[in-house]
Every structure is written in C-alpha cells, then in structure tokens.
Amino acid sequence: MTILVSGLLVLLAFLVHVAWWRVKKPKAPNRAVVLVFFGCLVLGTGMLVIAERTCPALQGYLPAGLVQWTQVLVLSFALAAAYIGTYPAIEVDSPTVLIVDLLDRAGPNGLSLDEIYSTLNDDVLTLPRIADLLTENLAAEIDGKLVLTHQGRSLAALFMGWQAMLRSGKGG
Amino acid sequence: MAGGFDWLFIAVAGCACDVIVYVITFRLSSRARHSRALLAGACGGLAVLSAAAMAIGIALQNFAVAILVYFCFAYTIFHVAQMGQTARRVRLAIELAAAPAGLTRSQLIGRYNAREMVDRRLARLIHGGQIRLVGSRYYLFNSAARLMAAIIRTLKIILKSQTSLPELATDRHSPQQRKLS
C-alpha cells in the first residue's frame, strides 16, 4: 500500500509539472521542478493523512501509523529525487544526446569531426549554459563581466570539494 | 526493532556505503573510473543493505521499501556524480570561481568551449562503445544509445522543451532524404 500511494503521489506531482510546463515554462525551471515535486508531495501526503484520520471508509485503503506514512514520504521523495536528477538532461540539450542524435540522423554516411564541430558550436553548447547561470541566479553580469553570486560560489565550492575528494579533473 | 524504522536505517546504511565505495573505487581506478565506481558503489551499497536486512530479520514489505529507496538514491547519486564530471554549468561555475574579478563571455569561452565539450564526449562515447571512428568519420554503433536519445526526445515532446539542434543536410529522417531512399 505504501509503495502504491507513493507512486500515485509522484505521478500526481509529475502531471502538475507537465501541465505547468505546457502552459508556460518557468524562467528558473530547475528550481521550479524541485518546488513543484516537493510541494505536491508534502501537500498530497498531508491531505491523505487528514483523509485517513477523518474518513472511516478510507481506512484500510490508505497507510496508517507513523511508520507507514514516513515510508510514503521517504519513498516519494526518493522517486522525486530520481526524476529531478534526470530533469537537467531533458531541460537542456545534453551534448552527448545531441551527438548521438546527430549521428543517428546521419545514418550510414556518418559525420566528420568538422561537421560535428560546425553543428555543435558555442552558440548551441556554451552560450545557452552561460545564459542559464544568469537566469538561475548563479552568476551576474557586472560591467560586461560575469561573476558568481553567493549561490554560484556555493555550487562551485560543493563540486570542487567533490572533485577534490575524488582526485578527478575539472570535469565538463 | 528501532520502533519500526529499521527499513530507514538499512536504506541509509546502504546509501552511505554506495557513496564511500564510489569514492574509493574512483580514486583507485585508472581507466573507466566513473562507470566502474558507479557499479562498485551500487553493488556495495546493495550488499550492505541486504546483509543488514538479513541480520535484523526485517519484514518483507519494509525490505521492499528500503530497496526501492536505495535504488532511487543510487540512481540520484549516478546523476549527481555525472554532473560533477560532465555538467557544463558546473564547469563554467568552477571557471568563474577561479576568477573572482569576473570574466567576459569571450574569456570564459576561451577557458571552456564547445570544442572541448565535443572532444570529451566523443572520447567517452568511443570508449563506451556507443560510437565508432572509422577512417575520419564517426558512426553510431550502439542501439542502446539510440534508445536513450529517443527517450529524452519523447520527454522533451511531453514537456514541450525545444531542442536547439539545427537540421542537417544529411538528416536521413528528413522528408527529402526519405523521398530519395
């Protein structure tokens, strides 16, 4: 029962997410997708708990007790986190997916490196991501120069720490 | 045991083991570090979770919840680890962090640009067997990669996310090419 209720809550949150995006995609979509999922899950769980307590007809069809409701919350948050982790690959054009798409479309002719470079250039791959940093308030533009905001510095510090722990390169 | 929250403790133990094994395997590997570390972390975490579940004699439903939570977490760790290695925004932010006085767009592109992005990904795709370089041309080799691209395209259609990919003259899916073939 807890698994079914968790799945339904996440599905509901996903439908709200799709409906919102189809009406008007938010300006800061990464932040919005986190808000919509966790907001829907917290609200949805709260409403179901109240329904289970106040409506005897629903008892037996819904989870009961602190342990089961905690399972619902934790599992639905985990499912939501899995989708939110996938979302950036859907929201932006992943270069890997673009390369695979390009090669799929080229078919048996394949593509040369120059053809790939000329199609996947800075206008397609780099400038939109720089624009995202500004839109998501991770960077600001001051006198023609890009500087990190406090949020951007926190993000950079987090991943630099992660890369230092792994002893890996800068990535990208 | 643990007031009925044993499933949560074993899920957390499995997730913690996943991260620890991932970091250790990544540091010790010289090749295919990311994929080896992900696999080792996922297996290690699952082993710890299963062993803990057997040791405490957890109820089947609680074990099922713990396993699902663990898999979602392992999948999320895959994406977070992937972001740390491949996300362009993360790399751009790191380049800006190294220049507190700020960088112009040209300066930032000078440090990290489309060519480096393409070169890195081509190398990964060749190493992973998804594409091949024959002579001087690249070809798609793996149908799983094609399936992944199709799933992403479908989700983009559902969410009405536009792609910025320009049309190719050699696009075999274009109406002109379909007429010729």
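The chains referred to below are lettered A, B, ... by the order of the sequence lines, with proteins before strands, and numbering in each begins at 1.
- There is a path of hydrophobic side-chain contacts, each under 4.5 Å, that joins A:W69 to A:M1.
- More than 12 heavy atoms of other residues, nucleotides or ligands lie within 6.0 Å of CZ in B:R27, so this atom counts as buried by the packing criterion.
- The structure places CG of B:L28 at 9.0 Å from CZ of A:R167, a figure rounded to the nearest 0.5 Å.
- In this structure, A:Q163 contributes its side chain and B:G84 its backbone to a donor-acceptor pair below 3.5 Å.
- The number of heavy atoms from other shown groups lying within 6.0 Å of CZ (B:F141) does not exceed 12.
- For A:L127, the part lying near chain B is the side chain, with the backbone staying farther off; criterion is any non-hydrogen pair under 4.5 Å.
- One distance of note links CG of B:L140 with CG of A:L111; it measures 10.5 Å at 0.5 Å rounding.
- Rounding to the nearest 0.5 Å gives a distance of 10.0 Å between OH of A:Y83 and OH of B:Y75.
- Interface remark: A:I3 contributes side-chain atoms only to the contact with chain B (heavy atom separation under 4.5 Å).
- A cation-pi arrangement is present between B:R115 and A:Y117 under the rule of less than 6.0 angstrom and at most 45 degrees off the ring axis.
- Residues of residues 130-137 of chain B that come within less than 4.5 angstrom of chain A, heavy atom to heavy atom, are B:I131, B:S136, B:R137 in numerical order.
- Listed by chain and residue number, B:Q85 satisfy the side chain to side chain donor-acceptor pair (under 3.5 Å) test with A:S168 (two or more places apart in sequence, or in another chain).
- Nearest approach of A:V67 to B:W7, heavy atoms of both residues: CG1-NE1, 3.7 Å.
- Residue A:I99 touches chain B through its side chain alone, counting heavy-atom pairs closer than 4.5 Å.
- A single hydrophobic cluster is not seen to contain both A:L12 and A:V36; linkage of ILVMFWY side chains at heavy-atom distances under 4.5 Å, directly or through other members, places them apart.
- Considering CG of B:L68 and OG1 of A:T2, their distance stands at 9.0 Å, rounded to 0.5 Å.
- Among the residues in residues 87-103 of chain B, those with a non-hydrogen atom closer than 4.5 angstrom to a non-hydrogen atom of chain A are B:A87, B:R88, B:R89, B:V90, B:R91, B:L92, B:A93, B:I94, B:E95, B:L96, B:A97, B:P100, B:A101, B:G102, B:L103.
- Looking at A:R129, both its backbone and its side chain come within 4.5 Å of chain B, counting heavy atoms on both sides.
- Heavy-atom pairs under 4.5 Å with chain B peak, among A:A156, A:A140, A:A80, at A:A156.
- In this structure, B:V12 is not a member of the same hydrophobic cluster as B:V48, with clusters built from ILVMFWY side-chain heavy atoms closer than 4.5 Å.
- Across all non-hydrogen atoms, the minimal contact from B:V65 to A:L75 is O-CD1, 4.4 Å.
- Neither the backbone nor the side chain of B:I77 comes within less than 4.5 Å of any heavy atom of chain A.
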May I have the step-by-step check of side-chain contact (heavy atoms from CB on, under 4.5 Å) for B:Q107 and A:L146, ending in yes or no? CA-CA 10 Å; B:Q107 287 170 330; A:L146 300 161; over 6 Å; no
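- When all heavy atoms of B:Y138 and A:I116 are compared, the closest pair comes out as CD1-CD1, 3.9 Å.
- Atom-to-atom distance recorded for A:N121:CG and B:M117:CE is 10.5 Å, nearest 0.5 angstrom.
- Interface residue B:L125: only side-chain heavy atoms are found under 4.5 Å from chain A.
- Listed options B:H79, B:E116, B:R124, B:Q61 were ranked by heavy-atom pairs under 4.5 angstrom with chain A; first place goes to B:H79.
- Between the OG1 atom in B:T104 and the CG atom in A:D143 there is a gap of 12.5 Å [rounded to 0.5 Å].
- With chain B as partner, the option from A:T86, A:V74, A:I84, A:L66 having the largest number of non-hydrogen pairs under 4.5 angstrom is A:T86.
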Run B:V23 and A:L166 through side-chain contact (heavy atoms from CB on, under 4.5 Å) and show every step you take. CA-CA 6 Å; B:V23 171; A:L166 295 177; 4.0 Å; yes
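- For a residue to count as touching a neighbouring chain, one of its non-hydrogen atoms must lie under 4.5 Å from one of that chain's; by this rule A:A139 touches chain B with the side chain only.
- Checked against ring-ring contact (aromatic ring centres under 6.0 Å, His included), A:W162 has the following partners two or more places apart in sequence or in another chain: B:Y22.
- Side chain of B:R121 to backbone of A:V97: no donor-acceptor contact under 3.5 angstrom is found.
- Neither the backbone nor the side chain of A:S6 comes within contact range of chain B, judged by heavy atoms closer than 4.5 Å.
- Both A:L102 and B:I126 sit in one connected hydrophobic cluster of ILVMFWY residues. Membership requires side-chain heavy atoms under 4.5 Å apart, directly or through other members.
- The choice from B:F78, B:F71, B:Y112 that makes the most heavy-atom pairs within less than 4.5 Å of chain A is B:Y112.
- Under a hydrophobic-cluster definition in which Ile, Leu, Val, Met, Phe, Trp and Tyr are linked whenever side-chain heavy atoms come within less than 4.5 Å, directly or via other members, B:I24 and B:V21 are assigned to different clusters.
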